[in-house]
Amino acid sequence: MDPNGKVCAVTGAASGIGKALVSELLRVGASHVAMIDLDDDGLRLTRAEVDPESKSTSLHPTDVRIESELVGAIDEIESTVGAISIFFSNAGISRSGGVEAPDEFWLDSWNVNLMPHVWAARKLVPLMEARGGGHLIQTASAAGLLTVLGAAPYAVSKHAAVALSEWMAITYRPRGIEVSCLCPQGVRTPMLFPELKRGAEQQGTIAEDVLAQSAVTVAGDVREPEDVARVTISAVKEGRFLILPHPEVSDYLKGMSNDVDGWISRMSRLSERISST
Ligand SMILES: NC(=O)c1ccc[n+]([C@@H]2O[C@H](COP(=O)([O-])OP(=O)(O)OC[C@H]3O[C@@H](n4cnc5c(N)ncnc54)[C@H](O)[C@@H]3O)[C@@H](O)[C@H]2O)c1
């Protein structure tokens with residue numbers, strides 16, 4: 001769906017890929033972009049950069065882990081701005097570690113990286129269907145197609161997000177609703193580089209975080225969020241389902257599906273090599 005002249009909404013809009021999506025949507029002529037994020041200050045600072053006159057954006061401080069807050073933000077946008085045509089469910093968190101990671105890491109990953117996609121769709125699909133169409137985009141990750149070393153809660157929750165997107169794309173297409181799944185690899189944002197976070201102080205980093213960051217950065221180029229946003233919006237315009245801003249991910253995916261056992265062996269050797277450096 002072409003965002004030109006449309007009301008769009010973006011979660012995780014205060015930082016990184018979400019912030020770049022807001023900017024790109026305004027550049028391609030969206031009539032309004034509703035910015036949803038947990039980070040109140042971040043929302044205000046981001047708006048000052050991307051829409052200094054506050055003409056085409058609105059701010060909706062929301063914790064997307066809570067269905068009633070997310071639905072409340074959608075209701076507020078629909079009643080004060082207008083019908084949402086394109087919804088980017090993009091907020092996410094990274095939690096590292098393996099099966100020994102605390103349950104809190106597993107549940108947080110599930111509650112931020114998966115359930116808000118379900119809740120946004122639960123609210124918007126009937127509305128969009130009644131209006132004759134709409135477009136839902138979930139930001140998953142290349143980690144949801146392949147894996148990421150050192151971060152099982154992240155990899156597993158992103159696999160669930162990809163599975164949900166596929167299911168929704170198949171199910172809702174006949175009802176006039178388009179679904180896309182964004183699966184970037186490394187992107188230069190505070191999630192991958194915590195030192196980029198506003199007000200971040202130099203902090204110690206746990207071994208699994210280092211492993212996950214190293215694995216992502218050896219896997220291919222780290223791209224700028226603005227490039228990812230450009231690729232995403234052009235794919236949304238074309239109505240494509242799978243959005244891969246890093247073309248190498250498509251080759252990794254083919255390599256994996258041709259020989260899963262070989263892929264496990266190669267990834268295992270890579271994990272050992274990175275862990276020992
Ligand atoms: N950076 C990467 O390398 C990379 C790679 C693949 C996928 N992704 C995905 O891209 C998406 C955006 O991440 P990013 O890299 O821009 O990270 P980021 O940390 O810069 O931005 C994430 C935003 O989500 C918001 N957020 C987190 N929890 C929230 C909650 N409970 N409610 C509302 N907002 C919340 C944060 O406040 C932040 O503004 C995520 O889903 C992430 O998993 C990132």
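Keep in mind that this is a model prediction, so the values were computed, not measured. This chain uses plain numbering: 1 for the first residue, then up along the sequence. Computation of the quantities below employed the complete heavy-atom set of this structure, encompassing side-chain atoms and omitting hydrogens, waters and symmetry-equivalent molecules.
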Could you see if Leu38 belongs to whatever hydrophobic cluster contains Leu114? Use Ile, Leu, Val, Met, Phe, Trp, Tyr and a side-chain cutoff under 4.5 Å. no
What is the minimum heavy-atom distance between Asp51 and Ser56, and which atoms define it? OD2-N, 3.0 Å
Distance from Thr232 atom OG1 to Ile17 atom CD1, nearest 0.5 Å? 7.5 Å
Just by modelled atom types, is the Glu224 backbone N or O under 3.5 Å from a matching donor or acceptor in the Glu226 side chain? no
Where do Val118 and Leu164 land on the side-chain contact (heavy atoms from CB on, under 4.5 Å) test, with the steps shown first? CA-CA 8 Å; Val118 174; Leu164 174 72; 3.8 Å; yes
Is there side-chain contact between Val125 and Tyr172, with heavy atoms separated by less than 4.5 Å? yes
CG of Leu70 to OG1 of Thr11, rounded to nearest 0.5 Å, is 7.5 Å
If I compare all heavy atoms of Ile36 with all of Ala73, which pair ends up nearest, and what's the gap? CD1-CB, 4.4 Å
As a quick check of understanding, evaluate salt bridge (Lys or Arg N to Asp or Glu O under 4.0 Å) for Glu272 and Arg269, giving each step before the final call. CA-CA 5 Å; Glu272 267 192 297; Arg269 284 197 296 275; over 6 Å; no
Other residues, nucleotides and ligands only: do more than 12 of their heavy atoms fall within 6.0 Å of CG on Asp221? no
Quick one: does Thr147's side chain have a donor or acceptor within less than 3.5 Å of a partner on Ala143's backbone? no
Measuring only between side-chain heavy atoms, which start at C-beta, is His246 closer than 4.5 Å to Arg223? yes
Looking at Pro245 and Leu182, what are the two nearest heavy atoms and their distance? CG-CD1, 3.7 Å
hydrophobic_cluster_shared for Met267 and Leu253, side chain cutoff 4.5 Å: yes
Is the closest basic N to carboxylate O distance between Asp63 and Arg65 below 4.0 Å? yes
Apply side-chain contact (heavy atoms from CB on, under 4.5 Å) to the pair Val28 and Asn4, showing each step before the final yes or no. CA-CA 6 Å; Val28 301; Asn4 187 23; over 6 Å; no
Using side-chain heavy atoms (C-beta onward) and a distance below 4.5 Å, is Leu145 in contact with Leu242? yes
Nearest 0.5 Å, what's the CD-SG distance between Gln138 and Cys181? 6.5 Å
So which atom in Ala140 and which in Cys183 form the shortest heavy-atom distance, rounded to 0.1 Å? CB-SG, 4.1 Å
I would like to know whether Asp41 and Arg198 meet side-chain contact (heavy atoms from CB on, under 4.5 Å); could you show each step before the answer? CA-CA 10 Å; Asp41 291 341; Arg198 177 169 39 86; 3.9 Å; yes
Could you state the interatomic distance from CG (Asp39) to OG (Ser15), rounded to the nearest 0.5 Å? 8.0 Å
Are His117 and Ser89 close enough that a side-chain donor and a side-chain acceptor fall under 3.5 Å? yes
Any pair with a residue in residues 101-110 that passes side-chain hydrogen bond (donor to acceptor under 3.5 Å, both in side chains), sequence neighbours left out, goes on the list, sorted by first then second residue, please. none
Under a 3.5 Å distance rule, please check whether Thr62 uses its side chain to pair with a backbone N or O of Val64 as donor and acceptor. no
Judged by modelled atom types alone, do Ser85 and His135 share a side-chain donor-acceptor pair under 3.5 Å? no
Looking only at the side chains, is there a donor atom on one of Ser58 and His60 sitting less than 3.5 Å from an acceptor on the other? yes
Within one Ile-Leu-Val-Met-Phe-Trp-Tyr cluster: Ile177 and Val162, side-chain cutoff 4.5 Å: yes
Any sub-3.5 Å donor-acceptor pair from Ser79's side-chain atoms to Glu76's backbone N or O? yes
State, to 0.1 Å, how close Thr46 and Ala14 come at their nearest heavy-atom pair, and which atoms those are. OG1-O, 2.8 Å
Any non-hydrogen side-chain atom of Val187 less than 4.5 Å from a side-chain atom of Pro184? yes
Got a donor-acceptor contact below 3.5 angstrom from the Asn90 side chain to the Thr139 backbone? no
Intermediate values then yes/no, side-chain contact (heavy atoms from CB on, under 4.5 Å), Leu136 and Glu178: CA-CA 6 Å; Leu136 301 171; Glu178 295 173 83; over 6 Å; no
Salt bridge check: are Glu67 and Lys123 linked by an N-O gap of less than 4.0 Å? no
What heavy-atom pair brings Ser180 and Ile243 nearest, and what distance separates the two atoms? CB-CD1, 3.8 Å
Within the structure provided, determine whether Lys237 and Met1 are in side-chain contact (heavy-atom separation under 4.5 Å). no
Quick one: hydrophobic cluster around Val99, which other residues, with the 4.5 Å side-chain cut-off, linked directly or via members? none
Decide yes or no for Ile93 and Tyr154: does some side-chain heavy atom of the first lie under 4.5 Å from some side-chain heavy atom of the second? no
Heavy-atom distance under 4.5 Å between the side chains of Phe88 and Val236, does that happen here? yes
Approximate separation, where rounding is to 0.5 Å, of Asp259 CG and Arg266 CZ: 6.0 Å
Test salt bridge (Lys or Arg N to Asp or Glu O under 4.0 Å) on Asp40 and Arg44 and set out the steps. CA-CA 7 Å; Asp40 213 344; Arg44 281 197 299 274; 3.4 Å; yes
Side-chain heavy atoms under 4.5 angstrom apart, residues restricted to Ile, Leu, Val, Met, Phe, Trp, Tyr: same cluster for Trp119 and Leu127? yes
If I take atom CH2 from residue Trp263 and atom OG from residue Ser268, how far apart are they, to the nearest 0.5 angstrom? 10.5 Å
Between Lys19 and Glu49, is any pair of side-chain heavy atoms under 4.5 Å apart? yes
Would Val231 and Val22 show up in the same hydrophobic cluster when neighbours are defined by side-chain heavy atoms closer than 4.5 Å? yes
